[in-house]
Amino acid sequence: MEREMADHRVTLASVAEEAGVSLSTISKVLNGRADVSPATRARVERLLAERGYRRRGGGRSESRAELIELVFHELDPIWSMELIGGVEHVAKEHGLSVVLTVSGSRHAPDPDWIEGVMRRRPIGIVLVFSELAPEYRERLHSRAIPFVIVDPAGDPSPDAPSVGSANWSGGLAATRHLIELGHTRIAAITGPEDMMCSLARVDGYRSAMNSAGLAIDPDWIRFGDFHVSGGRERARELLGRPDRPTAIFAGSDMQALGVMEAARERGIRVPEELSIVGYDDIPLARWLTPRLTTVHQPLRRMGEEAARLAIRLADELDERDEPGAVPGAAGAAPTPRMDLATSLVVRESTAPPA
């Protein structure tokens with residue numbers, strides 16, 4: 001142990017000498033302190049990465065706050081609460097608290113987020129994003145802070161620990177249900193075009209239509225934003241056509257709510273004149289009138305599994321002999337990836353075409 005500590009001190013001392021700073025400055029950088037200039041911080045971080053520095057241990061060591069950090073790019077009061085509830089449940093089981101952060105776009109958190117993480121030093125991080133920049137990963141790895149991406153809305157790289165759901169199967173099941181009811185003019189309103197889950201759900205729709213031998217009008221596939229407004233605007237466009245669809249698969253329950261609103265505006269009855277299938281199965285879906293047929297995405301369980309995985313990775317970092325071994329690295333265990341099943345929940349918003 002003394003030899004290990006000596007090697008550690010020599011490594012940091014050599015980095016400090018090469019960077020032209022004191023050991024106290026190195027310590028400030030390692031602990032995410034704000035009183036270091038951006039240029040100095042960048043120089044020290046670069047040298048630490050070049051030297052392959054990794055903080056020994058992580059997880060439950062004394063240098064860690066008893067926290068799991070949960071990071072969103074935005075908070076939807078319904079959808080997000082399911083994930084938050086799942087993470088909080090597991091954190092409570094392990095005697096941990098949850099800190100909630102809102103940062104960045106749907107693809108990645110803002111640059112200043114990483115500085116806050118360095119200061120907070122949580123046991124692990126659950127990210128509701130599609131990706132994490134390589135430089136952020138390196139900084140987290142160097143501090144032995146594991147992260148897990150919850151992936152209801154993206155396609156994280158293979159070396160990123162992640163928890164997702166079967167988006168393609170969900171789109172397939174939703175569309176097959178409408179076909180089995182007898183619908184042939186079926187439209188789809190999916191999410192943003194640059195998100196993998198949007199594309200996967202609409203690919204499931206296409207597969208169901210093709211398997212049934214039904215023609216797909218390209219103009220019946222619309223890209224929304226997963227919000228009520230997106231569903232409403234895209235549905236207004238579709239329902240204004242002379243050959244309007246008799247059924248719409250909406251890529252989220254919130255968009256399905258927008259479709260219902262657009263139908264009411266035109267005096268179109270649901271489900272008598274228009275069948276609607278949503279996606280997510282948020283609690284609101286069973287309280288709408290009519291109650292919404294939807295694809296159940298296990299959001300709460302996704303939060304639970306992501307938190308369990310983050311805690312497990314933290315514990316594994318504590319147990320490893322080699323400092324800094326991370327999922328996906330040479331000699332390390334394969335990167336954990338979990339895809340949870342979706343299922344169709346049939347309620348009253350779908351019926352055979354008139």
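Computed from heavy atoms alone, side chains included, the values below leave out hydrogens, waters and symmetry copies.
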### Task
Could you tell me the separation between the NE2 atom of His183 and the CE atom of Met209, rounded to the nearest 0.5 Å?
11.5 Å
### Query
Transitively linked via ILVMFWY side-chain contacts under 4.5 Å: Met81 with Val163?
yes
### Message
Quick check: closest heavy atoms across Tyr136 and Pro111, and the distance to 0.1 Å?
### Response
OH-CA, 2.8 Å
### Message
I'd like to know if the side chain of Thr190 reaches the main chain of Gly251, judged simply by a donor and an acceptor atom lying under 3.5 Å from each other, with no hydrogens or angles considered.
### Response
no
#### Entry: CG on Leu140 to CD on Glu135, rounded to 0.5 Å
11.0 Å
### Query
Between Ser349 (side chain) and Thr293 (backbone), is there a donor-acceptor pair under 3.5 Å?
yes
### Message
Quick one: does any side-chain atom of Ser252 pair with a main-chain N or O of Phe226 as donor and acceptor, under 3.5 Å?
### Response
yes
### Query
Are the charged groups of Glu304 and Arg301 less than 4.0 angstrom apart, N to O?
no
### Message
Taking Met338 as the starting point, is it possible to reach Met302 by hopping between hydrophobic residues whose side chains are less than 4.5 Å apart?
### Response
yes
### Query
Honestly curious: do Leu172 and Leu214 fall in one hydrophobic cluster under the side-chain, below-4.5 Å linking rule?
no
### Where Ile68 and Ala91 come nearest, the two heavy atoms and their spacing
CD1-CB, 4.3 Å
### Query
Is the shortest heavy-atom distance from the side chain of Arg206 to the side chain of Ile221 under 4.5 Å?
yes
### Summary
Value for CG (Asp281) from CZ (Arg347), rounded to nearest 0.5 Å, stands at 4.5 Å
### Query
Out of curiosity, does Ile114 fall in the hydrophobic cluster containing Ile149 (side-chain heavy atoms, cut-off under 4.5 Å, transitive links)?
yes
### Query
Would Leu199 and Phe223 count as a side chain to side chain contact (heavy atoms under 4.5 Å, CB included) if you check the C-alpha gap in whole Å, the side-chain angles of each, and the deciding distance to 0.1 Å?
CA-CA 9 Å; Leu199 301 176; Phe223 290 90; 3.9 Å; yes
### Message
Would you say that Glu115 contacts Arg119 through its side chain, given a criterion of any heavy-atom pair below 4.5 Å between the two side chains?
### Response
yes
### Message
Minimum heavy-atom separation for Pro271 and Pro290, please, with both atom names.
### Response
CD-CG, 4.4 Å
### Steps toward side chain to side chain contact (heavy atoms under 4.5 Å, CB included) verdict (Asp217, Arg241)
CA-CA 12 Å; Asp217 184 339; Arg241 295 168 55 106; 3.0 Å; yes
### Query
Mind checking whether Pro245 and Ile186 have side chains closer than 4.5 Å, heavy atoms only?
no
### Flag, side chain of Asp110 to backbone of Asp112, donor-acceptor distance under 3.5 Å
no
#### Entry: Joint hydrophobic cluster, Tyr279 plus Leu344, side-chain heavy atoms closer than 4.5 Å
yes
### Task
Indicate yes or no: at least one non-hydrogen side-chain atom of Val295 is less than 4.5 angstrom from one of Gln297.
no
### Query
Val259 versus Leu274: any side-chain heavy-atom pair under 4.5 Å?
yes
#### Entry: SB check Glu233 Arg236 (cutoff 4.0 Å)
yes
#### Entry: Flag side-chain contact, heavy atom, 4.5 Å: Trp220 against Asp243
yes
### Query
Under the 3.5 angstrom rule, does the side chain of Arg234 hit a backbone N or O of Arg222 as a donor-acceptor pair?
no
### Query
What are the two closest heavy atoms between Ser275 and Leu178, and how far apart are they?
CB-CD2, 3.9 Å
### side chain to side chain contact (heavy atoms under 4.5 Å, CB included) partners of Pro283, counting only residues at least two apart
Ile78, Glu82
### Distance, nearest 0.5 Å, that separates CG of Asn210 from CG of Asp203
10.0 Å
### Message
Does any part of the side chain of Arg244, heavy atoms only, come nearer than 4.5 Å to the side chain of Leu238, both counted from C-beta?
### Response
no
### Under 3.5 Å donor-acceptor, Asp253 side chain and Ile282 backbone
yes
### Query
Just one of Val126, Thr101, Val128, Val150 clears the side chain to side chain contact (heavy atoms under 4.5 Å, CB included) bar with Phe72, so which one?
Val128
### Query
Given the rule in the side chain to side chain contact (heavy atoms under 4.5 Å, CB included) test, do Ile311 and Leu96 qualify, once you have shown the distances and angles that lead to the verdict?
CA-CA 10 Å; Ile311 293 168; Leu96 303 173; 3.8 Å; yes
### Message
My understanding is that only one of Ile125, Leu313, Leu127 makes a side chain to side chain contact (heavy atoms under 4.5 Å, CB included) with Val148; could you say which?
### Response
Leu313
### Task
Determine yes or no for a side-chain-to-main-chain donor-acceptor pair under 3.5 angstrom, with Thr342 supplying the side chain and His296 the backbone.
no
### Query
To the nearest 0.5 Å, what is the distance between CG (Leu288) and CG (Leu284)?
4.5 Å
## Note on the structure
Minimal heavy-atom distance between Phe147 and Ala160, with the atoms involved, is CE1-CB, 4.2 Å
### Message
In the structure I gave you, are the side-chain heavy atoms of Arg312 and Leu309 within less than 4.5 Å of one another anywhere?
### Response
yes
### Query
Closest approach of Leu70 and Val98, non-hydrogen atoms and distance?
CB-CG1, 4.2 Å
### Query
How many angstroms lie between atom CD of Gln255 and atom CZ of Phe249, to the nearest 0.5 angstrom?
9.5 Å
